[in-house]
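These notes concern the structure reproduced below.
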Amino acid sequence: MSVGGRLRLVRAAHWLRPGLRLKRHMALGLGGIALAGLGAGGLWGGRAVPLSLPLSVLAVLLGIALAVRGGWKLVVGLVERLVPSAEPGGELSARVYRSVSRDRGPRIVALGGGTGLPVLLRGLKAYTGHITAVVAVSDDGGSSGRLRGELKMLPPGDLRNCLTALADTEPLMNRLFQHRFGGDGDLRGHAFGNLFIAAMNEVTGDFEEAIRQSSRVLRVRGQVIPATSEEVSLVAELDDGTTVRGETAIAKTPGRVVRMRLDPERPRPTREAVEAILAADAIVLGPGSLYTSVVPHLLIPEVLQAIRTSPATLVVVGNIMTQPGETDGMTAAMHVDALLAHGLEGRIDWTLWNDAPLAPAVLERYARMGAEPVVVDVAALERHGVRAVLRPLIAEGPLVRHDADRLAREVLRCVLAARGDDPARMLDFLLLGQELRVEPP
């Protein structure tokens, strides 16, 4: 036997390994086929198969029933192993349908950082498997800032949050990556996922490869990419002429931001980020801190150029609350003004804002922290040439956060409204529309 033949035989034998829980169904199906063949021989084989007519008929019918049942159970067993058991939808047919529709889902590139971007990603992964999260790497606080200073690596925290948001692993693995160490030692405050990425960075010798390998460990749907592989720092110019350096310092310094820049000013983007933007059906900015999570992407010239030249529809997800020290007193139109001033003039297609009221107790608690709901003036937004969509987007809970599923559905409705008549993607968008079960705006 040739080497190729032996290799095929070994691969075929893998199906007989213990633990797959498929061999019983194979045996049942094969036994049914053999029994049906025996019965057929009794019907048409004459004396070669000494079975009476009733027994032959019974053998054929029973054999067919066993073969069908064994084959069906084998197909179900295979599908249940190929389609994740955590898949929403309950019934096998629903899980298969959602898996197929996700494979044909729109190509979404989401840019941001902080705690807002992972919320969007968790919602989107239920509808499409073609998600690229492009994450800012200018964070200099907390665990990420410490690792950045001590190990001379890019900050992993925002990337870790996006990896866990797109992960298709058991909940315990997600909890492990998000776990922060207590105690009084050097590990205090570090997230395990940050340390894992730091270790992977040292093992692979390349930060981008470390993120790719971490994605494999977590079985990430889509991809998570740093916006640049260079070490960068944020620099803000305030309206009083003050210059503030560093993301943490910018968030803590009072004053209206006039302009943002990076140091160095022209960092090289990651190639995968630019390619994903150019091939996207939709680009989503936010939610997240305006000047320290969203705008940093626009400060990388090649990323901004890719956003401006991409045929994708551009959706801006507005924040629900102002951020103390960063967007105090800023309305929705002023948020958009800041994006236009940093290179998006004439490029924004849609903006999404929350219009659900907040409880008085929540408003009072946030007011004590210096935050208030962002005022949405639709007329002012439309004067900028952007369409404003107001929907109830708040998640239940003590903190004011976007609801992941509601937000994702609104983003995808914008995609349908802008790209739904593309004849080359008609079936894909038809499946998406059926998933959303609502008419696009």
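Between R406 and E410, none of the side-chain N atoms (NZ, or NE/NH1/NH2) sits under 4.0 Å from a carboxylate O, so this pair counts as no salt bridge. Ionic pairing of K152 and E231 is not present here: no N-O contact between side-chain nitrogen and carboxylate oxygen is shorter than 4.0 angstrom. Using a cutoff of 4.0 Å between basic side-chain nitrogens and carboxylate oxygens, D263 and R245 are scored as salt-bridged. For the pair E237 and R261, the salt-bridge criterion is met [side-chain N within less than 4.0 Å of a carboxylate O]. With respect to R268 and E230, a salt bridge is recorded, a charged nitrogen being found less than 4.0 Å from a carboxylate O. We find that R401 and E396 are not joined by a salt bridge, their nearest charged nitrogen and carboxylate oxygen being 4.0 Å or further apart. Between D349 and R347, at least one side-chain N (NZ, or NE/NH1/NH2) sits under 4.0 Å from a carboxylate O, which counts as a salt bridge.
Side-chain atoms of Y366 come within 3.5 Å of backbone atoms of V400 as a donor-acceptor pair (strictly under, hydrogens ignored). Between the side chain of R146 and the backbone N or O of D186, at least one donor-acceptor pair lies under 3.5 Å. Looking at R221, its side chain never comes within 3.5 Å of a backbone N or O of D168 through a donor-acceptor pair. Although no hydrogens or angles enter the test, the distance criterion places a donor-acceptor pair under 3.5 Å between the side chain of D281 and the main chain of R107. Side-chain atoms of D140 come within 3.5 Å of backbone N or O of E247 as a donor-acceptor pair.
Between H384 and D337, the side chains place a donor N or O and an acceptor N or O closer than 3.5 Å (distance only, hydrogens not considered). Residues R160 and Q178 bring a donor and an acceptor atom of their side chains to less than 3.5 Å of each other. In this structure, a donor-acceptor pair under 3.5 Å is absent between the side chains of E209 and N201. Side-chain polar atoms of T322 and E372 form no donor-acceptor pair below 3.5 angstrom. In this structure, a donor-acceptor pair under 3.5 Å is absent between the side chains of Q213 and T204.
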Just do the side-chain hydrogen bond (donor to acceptor under 3.5 Å, both in side chains) check on D377 and T331 with the steps written out, would you? CA-CA 8 Å; D377 185 342; T331 64; over 6 Å; no

Is there a side-chain hydrogen bond (donor to acceptor under 3.5 Å, both in side chains) between E326 and T292? Walk through the geometry before answering. CA-CA 9 Å; E326 189 165 332; T292 54; 3.3 Å; yes

Do S143 and N194 pass the side-chain hydrogen bond (donor to acceptor under 3.5 Å, both in side chains) test, and can you show the C-alpha distance, the side-chain angles, and the key distance before you say yes or no? CA-CA 8 Å; S143 171; N194 288 357; 3.0 Å; yes

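When all heavy atoms of C414 and L352 are compared, the closest pair comes out as SG-CD2, 3.9 Å. Closest non-hydrogen pair, A404 versus V119, comes out as CB-O, 3.3 Å. Closest of all the heavy-atom pairs between L147 and P156 is CD1-CG, 3.9 Å. Summarising the geometry of A191 relative to F177, their closest heavy-atom pair is CB-O, 4.2 Å, with the distance given to 0.1 Å.
Using a 4.5 Å heavy-atom threshold, the side chains of L298 and V303 count as separate. In this structure, R256 and L238 have side chains that are not in contact, with every pair of non-hydrogen atoms separated by 4.5 Å or more. Within the 4.5 Å cutoff, side-chain heavy atoms of L111 are placed close to those of V109. Taking the side chain as every heavy atom from C-beta outward, F207 and L159 approach each other to under 4.5 Å. A heavy-atom distance below 4.5 Å is found between the side chains of L314 and L344. With contacts defined as side-chain heavy-atom distances shorter than 4.5 Å, the pair V217/F196 qualifies.
Proximity of the aromatic rings of F192 and H190 is defined here by a centroid distance below 6.0 angstrom, and this criterion is not met.
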